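Counting starts at 1 for both ligands and their atoms, following the listed order. Please read these numbers as outputs of a predicted model, since none were measured by experiment.
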Amino acid sequence: MQKPQAQSTTESTLQKIISHAKEYGFVFPSSEIYDGLAAVYDYGQYGVELKNNLKALWWKAMTQLNENIVGVDAAIFMHPLTWKASGHVDGFSDPMIDNKDSKKRYRADVLIEDKAAEYEKAGDETRGQDLRNRLARLLEANNLEGVRNLILEEKIVCPVSGTANWTDVRQFNLMFSTQMGAVAEDADTIYLRPETAQGIFVNFLNVQKTGRMKIPFGIAQIGKAFRNEVVARQFIFRMREFEQMEMQFFVRPGTQQQWYEYWKETRRKWHEALGLPAAKLKWHVHEKLAFYADAAVDIEYEFPFGFKEIEGIHSRTNHDLSKHQEYSKKKQQYFDNDLDENGKPYGNYIPYVVETSVGADRLFLAVLSNAYTEDEGVDADGNPKTRIFLKFHPSIAPIKAAIFPLVKRDGLPEKAKAILEDLRYDFNVIYEERDAIGRRYTRQDLIGTPFCIAVDYQTLEDDTVTIRYRDTTEQKRVHISELRSIISEEVSFKRVLEKLS
Ligand code: GAP
């Protein structure tokens with residue numbers, strides 16, 4: 001009896017976050033006036049500020065705090081051979097199956113995993129695990145007919161038509177393709193990149209040579225990636241167009257394990273510094289590794305729908321650079337003139353790579369879910385009242401401070417606007433004079449503004465204002481000249497970055 005209840009609370013928490021994100025200008029469905037586009041979203045006026053702050057913080061943590069990491073901004077379109085070399089043309093696919101009655105398409109493995117989860121929820125852990133093991137064996141052997149038989153054997157039906165009238169299982173490549181060139185017959189098929197990492201690999205030597213980089217060094221990049229996900233659900237968790245923040249760290253062969261451990265810990269610390277609680281983060285070590293990888297782990301965050309991956313840290317050996325060397329026929333080597341234990345230079349080699357890869361949108365959802373707070377309290381008449389606010393770390397809050405005149409007359413607006421004018425060059429601050437001051441506080445709570453500054457009659461006499469703190473609703477009287485340092489102290493990226501050293 002308990003479990004369905006917990007499930008519905010979970011779903012309603014996600015629903016609340018989705019509604020809040022839409023109602024208060026964080027995330028909208030894409031092209032909503034045409035009923036939206038599945039798994040594609042737009043960021044609104046506050047969402048874009050929050051996302052930009054997250055990206056800026058990652059960029060600073062990676063490039064500014066590490067003198068051996070630099071950034072690039074590679075094009076989304078890349079030579080088609082890039083994706084042959086990387087293995088995406090031949091291997092970046094999901095097994096899918098269609099229901100002939102509803103014409104709906106599903107990921108065959110997800111249908112089976114959902115069935116396993118159903119057994120586990122009902123308390124039959126063994127049956128669930130057994131089903132997962134059978135699925136893993138079939139996928140490993142690329143036995144798609146076996147996967148279909150397992151769906152039939154388990155009597156899995158389409159949730160829409162309720163029938164088991166399934167097609168065969170086929171591999172479905174997740175890359176979006178398009179044509180480059182004006183004449184259809186001569187046009188080349190090119191792809192929208194499914195990861196940003198390859199834009200870094202193909203620029204490895206450009207950056208190494210022009211930047212005179214010495215191994216170990218890293219290249220960071222933030223950019224859009226595209227995947228034609230078969231199952232796209234859970235809001236911005238799994239999108240067809242999304243943004244990645246990736247860093248490839250090039251190391252001497254044999255040192256990759258040490259760097260893998262270093263980046264694992266450093267990246268987890270970064271999420272905690274941002275305010276994601278340690279108890280809501282966990283590791284998921286990959287048992288089954290890609291054939292070229294020698295270690296891989298995900299950092300998972302506990303979303304309202306359970307622990308799910310937000311970032312991957314992968315030790316990818318020299319696979320990618322070796323493949324690019326093979327396909328481009330251009331050497332992807334580095335000459336290491338440091339001396340080994342025998343006093344000889346390490347010489348030429350293809351570097352090994354440790355990658356850190358975090359999705360900006362998943363991080364956004366984690367931060368938003370974590371910030372969403374419902375505080376049970378009482379109103380002025382003693383009736384129960386829930387205060388909803390977004391408890392963002394001040395450094396990433398979309399708006400840092402809102403400045404209000406108590407009333408719209410007697411020179412208070414002019415005084416408030418003068419404060420705005422003084423602060424706006426340093427912080428993202430806004431001026432607001434509509435409605436009663438209580439409603440103005442509520443509006444700022446709902447978008448997570450850490451400070452509200454109220455200008456009243458006393459301000460005209462002694463240049464003091466009240467500053468209200470979002471999380472406690474505490475109000476303090478301070479001199480206008482103190483505002484810059486109070487805000488700066490809280491919202492500076494330094495407050496996050498200093499926790500990393
Ligand atoms: N270069 C390695 C790579 O792309 P990945 O695990 O496929 O690895 C890395 O993706 C990160 O990108 C994930 O941890 C996730 O945060 C994000 N990501 C992947 N697919 C996504 C999708 N469809 N929607 C949103 N974010 C996604």
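- Note that R148 lies outside the cation-pi zone of W166, set by a 6.0 Å cut-off to the ring centre and a 45° limit from the axis.
- Salt-bridge formation is detected for the pair K264/E261: a Lys NZ or Arg NE/NH1/NH2 atom is positioned less than 4.0 Å from an Asp or Glu carboxylate oxygen.
- For D294 and T317, the side-chain atoms include no donor-acceptor pair closer than 3.5 Å.
- Atom 10 (O) of ligand 1 has Q244 NE2, 3.4 Å as its closest protein atom, hydrogens excluded (heavy atom only).
- At a threshold of 4.0 Å, the pair D298-K308 does not count as salt-bridged, since none of the basic side-chain nitrogens sits closer than that to a carboxylate oxygen.
- Of the N or O atoms in E195, one or more lie within a sub-3.5 Å distance of an N or O in ligand 1.
- At a 4.0 Å heavy-atom cut-off, ligand 1 touches I310 through the backbone alone.
- Ligand 1 places these atoms under 4.0 Å from at least one heavy atom of E355: 1 (N), 2 (C).
- Expressed to the nearest 0.5 Å, how far CZ of R267 lies from NE2 of H271 amounts to 4.5 Å.
- Within a 6.0 Å radius of CZ in F335, more than 12 heavy atoms belonging to other residues, nucleotides or ligands are found.
- Those atoms of ligand 1 with a heavy atom of E229 less than 4.0 angstrom away are 22 (C), 23 (N).
- Remark: ligand 1 atoms within the under-4.0 Å shell around heavy atoms of E246 are 1 (N), 2 (C), 3 (C), 4 (O).
- By heavy-atom distance, the residue among R227, E300, E241 lying nearest atom 4 (O) of ligand 1 is R227.
- The cationic atom of K282 (NZ for Lys, CZ for Arg) lies less than 6.0 Å from the six-membered ring centre of F307 and within 45° of the ring axis.
- Not a single N or O atom of R238, backbone or side chain, sits closer than 3.5 Å to an N or O atom of ligand 1.
- Taking every heavy atom of F237 and a limit of under 4.0 angstrom, the matching atoms of ligand 1 come to 24 (N), 25 (C), 26 (N).
- Nearest protein neighbour of atom 9 (C) of ligand 1, counting heavy atoms only, is S357 OG, 3.0 Å.
- In terms of N/O distances under 3.5 Å, ligand 1 is approached by M239.
- For atom 8 (O) of ligand 1, the closest non-hydrogen atom of the protein is H314 CE1, 3.9 Å.
- Residue-to-ligand polar distances keep D361 apart from ligand 1: every N/O pair is separated by 3.5 Å or more.
- Between R316 and E355 there is a salt bridge, since a side-chain N of the basic residue sits under 4.0 Å from a carboxylate O of the acidic one.
- Partner L150 forms a side-chain contact (heavy atoms from CB on, under 4.5 Å) with one of V169, L138, N143 and no other, that one being L138.
- In this structure, atom 13 (C) of ligand 1 lies nearest to the protein heavy atom E309 OE2, 3.3 Å.
- Here the shortest heavy-atom distance to atom 21 (C) of ligand 1, taken over F201, F242, F92, belongs to F242.
- N99 places no side-chain N or O within donor-acceptor distance of the main-chain N or O of P159, the cut-off being under 3.5 Å.
- Under 4.0 angstrom from ligand 1, the non-hydrogen atoms of E311 all belong to its backbone.
- Close N/O approach between G359 and ligand 1 is found [any backbone or side-chain N/O within under 3.5 Å].
- Considering only non-hydrogen protein atoms, atom 15 (C) of ligand 1 sits nearest to R362 NH1, 3.5 Å.
- Side chain of Q244 to main chain of T196: a donor-acceptor pair is present (N/O by atom type, distance under 3.5 Å, no hydrogens or angles).
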